Q: 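Sending over a structure as C-alpha cells; questions will come in a sec.
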Amino acid sequence: MALSTVLETPVAGFDFENAARNAALEGLLEKGQAPKPLKTGTTIAGVVFKDGVVLGADTRATSSEVVADKMCAKIHYIAPNIYCCGAGTAADTEKTTDLLSSNLTIFSLNSGRNPRVVMAINILQDMLYRYKGHIGANLILGGVDCTGNHLYTVGPYGSVNKVPYLSMGSGDLAALGILEDRFKSDMQLEEAKDLVRDAIHAGIMCDLGSGNNIDICLTRRKGNTSTVQAQHQF
Amino acid sequence: MEKHYADSQTKGVSTGTTILAVTFDGGVIIGSDSRASIGGEYVSSKTINKLIQLHDQIFCCIAGSLADAQAITKAAKFHLSFHSVQMENPPLVMAAASVLKELCYKNKEELQAGFITAGWDRKKGPQVYVVSLGGMLISQPFTIAGSGSTFIYGYTDAKYKPNMTREECQQFAINALTLAMGRDNVSGGVVHLVVITEKGVEHVVVPGDKLPKFHDE
C-alpha cells in the first residue's frame, strides 16, 4: 500500500481484492446483504435522422427511493463527433466512457484522423466482453463520421447491435412505445428532436426512476455538435 | 435492466434462434430468423443480424449468447484472414469451421455459443458444417440448430432432397424457418437468407408479411 501522499499508478487488470471484503461484510451486516451500488434508474434514447444523430436522456439519479441527483449528466462526451448515453451502474458508465474518450483522443493525436463510431464500438465491446458482465454499463453510442450517421447499443456482456432508433434504462419500454409509433427514416432535425424529447418524456412520466429534466444532444453533419438542455414543463 | 433478466440459461442478450443451412445443386443456402431476446421474455431486437461473413464465400450463423458469438466470430474472422494471406489462397470452408471449433472447444467452460458454417470453396464445392456448444464439429448435407429447430426436425427430415434446384432449396429454407418461428417464442422477425454459389453471394430478406401462411394462421 502506498503512502496517501504519494501518487501511484494503478496496476493493470481487474482487482478482485474487494470481493473477499464484501463477502466478509455480508456476514457482519444484519440483513446479510452488501450495500447496492448507485444506479441511475434512467430513460435514454437515440434516433438517427437525415443529417445526424439525436441522443436524449433524463437527469435523475436515484439511490433506492431518494433522488440523489436532480441534474445528473447522462450524456457523455466521447469525441467531437461522438456522444454516448449510459444506463446501469453510474460509476461504471462514467468510467467506461471516460476511458473510451481518452483512448480515442490519443488515437486521434497519433494518427491525425478523426475517430470513427465503429472504432469506439469495437473498443467498448472488447472491454465489456473481457469483464464478462461485471461492468454494469448499458450504453447507447451515436455519432457522425465520414462513413455516415450511426447509432449503436452495447450491453454489459459485450453484445453490440446497430439500430436506427433505440431506448434503454428502466424507462425504456415507455420510451420505446413513442419511438416505435413515430419513427421514420430520414426525418428532419426538428421532427427528430421532438421525437426524442417525447420519448424521454414518456419515460419520465411512466417510470419512477426517471425524472426531472431532459438533456438532448445533437451530432450533426454540417454544423457543430450541440448539447441542449430542455427544461421539462409539467 | 434487471426486470428483463429472468431466470434464464444465457446471461445478457441471447439469440434464442432458428438457424439452418442447406446444400443444393451448385451452392448452399444459409438462413436465420432475426430476433434477439433477454431472459426469454423481452425481445431486445427485432432485426438482429445472425449471418456473419467470415470470408468472401464463407458465412456462419450464430446461436446462443450474442456477446460470446460476436466475440468468437471477430476472432475467427481475423484468424481466417491471416490464414488466407499466408496460404495465398481463399480458405476452405473446413478451415473456417475448424477455427470456430477450436475457439469453442478450448474455451467451453466460459462460452455459450454454437455455429453453423456454410460456404463454397474450389476443393469440395458447397459444404455445411455445424459446431455445437461444446465444440463438436461435423459435416452434413443440411443442418438446423437453435431453440426453434426442435420444432422442424420432422419437417426437414421429410422434405429434404439431395441436389435440389436453387428455387426449391430457397422455398424449403423459408418454409422451415417460418414453421419454426411460428412455434418458438424466442424466434421471429424476418427471414434472412444468404445464397452462396461459385459466382458469389446473394442476400435475400423475406419480411414477416411475405412469409408463407400455414393452416392455422
Side-chain angles (χ1 to χ4, degrees), chain A residues 36-37 39-44 48 86-89 92-93 118 121-140 151-176 179-180 183 185 206-209, chain B residues 1-6 8-17 32-39 41-53 62-78 81 103-104 107-113 186 189-190 192 207-208:
Chain A
K36 288 202 148 103
K39 294 199 158 255
T40 46
T42 288
T43 309
I44 51 177
V48 175
T89 310
D92 287 342
T93 56
V118 279
I121 284 298
N122 278 320
I123 296 174
L124 273 176
Q125 179 175 41
D126 283 345
M127 178 184 162
L128 290 175
Y129 184 71
R130 208 175 343 132
Y131 288 116
K132 302 234 150 271
H134 289 290
I135 297 187
N138 273 301
L139 305 167
I140 295 185
L151 184 69
Y152 286 88
T153 170
V154 188
Y157 290 92
S159 54
V160 164
N161 196 9
K162 184 173 198 295
V163 279
Y165 62 90
L166 184 67
S167 70
M168 291 228 129
S170 54
D172 62 348
L173 291 178
L176 206 54
L179 290 173
E180 291 276 15
F183 174 81
S185 26
C206 306
D207 176 42
L208 298 177
Chain B
M1 296 291 281
E2 279 79 29
K3 67 170 190 264
H4 299 317
Y5 172 63
S8 143
Q9 309 283 34
T10 314
K11 286 219 166 109
V13 182
S14 151
T15 49
T17 191
S32 77
D33 69 310
S34 67
R35 180 173 288 185
S37 52
I38 300 184
E41 53 183 36
Y42 174 64
V43 176
S44 61
S45 175
K46 299 176 278 188
T47 53
I48 199 100
N49 176 32
K50 302 184 200 181
L51 297 176
I52 316 276
Q53 184 163 24
I62 59 183
S65 156
L66 185 59
D68 287 345
Q70 286 179 339
I72 295 170
T73 47
K74 238 191 199 176
K77 260 194 207 174
F78 159 73
S81 173
L103 291 167
C104 288
N107 300 298
K108 63 164 79 177
E109 317 298 332
E110 288 97 26
L111 295 173
Q112 240 188 346
V186 285
V190 304
H192 283 297

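Heavy-atom basis, side chains included; hydrogens, waters and symmetry copies ignored. Residue numbers start from 1 in every chain, and the chains themselves are labelled A, B, ... in the order their sequence lines are given, proteins ahead of strands. The structure presented is a predicted model; accordingly, all values stated were derived computationally and were not measured.
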Q: To the nearest 0.5 Å, what is the distance between CD on B/Q70 and CG on A/N122?
A: 10.0 Å
Q: Working to the nearest 0.5 angstrom, can you tell me the gap between A/Y157 OH and B/Q112 CD?
A: 10.5 Å
Q: Let me know if B/N49 has heavy atoms under 4.5 Å from chain A in its side chain, its backbone, both or neither.
A: neither
Q: Should the heavy atoms of other residues, nucleotides or ligands under 6.0 Å from NZ of B/K74 be counted, would the total exceed 12?
A: yes
Q: What part of A/V163 lies closer than 4.5 angstrom to a heavy atom of chain B: side chain, backbone, both or neither?
A: neither
Q: For residues A/G158 and B/A67, report the shortest heavy-atom separation together with the two atoms involved.
A: C-CB, 3.7 Å
Q: Using the ring pair (Phe, Tyr, Trp, His ring centres under 6.0 Å) criterion, which residues pair with A/Y152? Sequence neighbours excluded.
A: none
Q: So how far is it from B/E110 CD to A/K132 NZ, rounded to the nearest 0.5 Å?
A: 6.0 Å
Q: Does B/K77 NZ have over 12 foreign heavy atoms under 6.0 Å away?
A: no
Q: Rounded to the nearest 0.5 Å, how far apart are OG of B/S44 and CE of A/M168?
A: 7.5 Å
Q: Can you say whether A/L176 sits under 4.5 Å from chain B via the side chain, the backbone, both, or neither, judging by heavy atoms?
A: side chain
Q: What closest approach, in Å, do A/V160 and B/L66 show between heavy atoms, and which atom pair accounts for it?
A: O-CD2, 4.5 Å
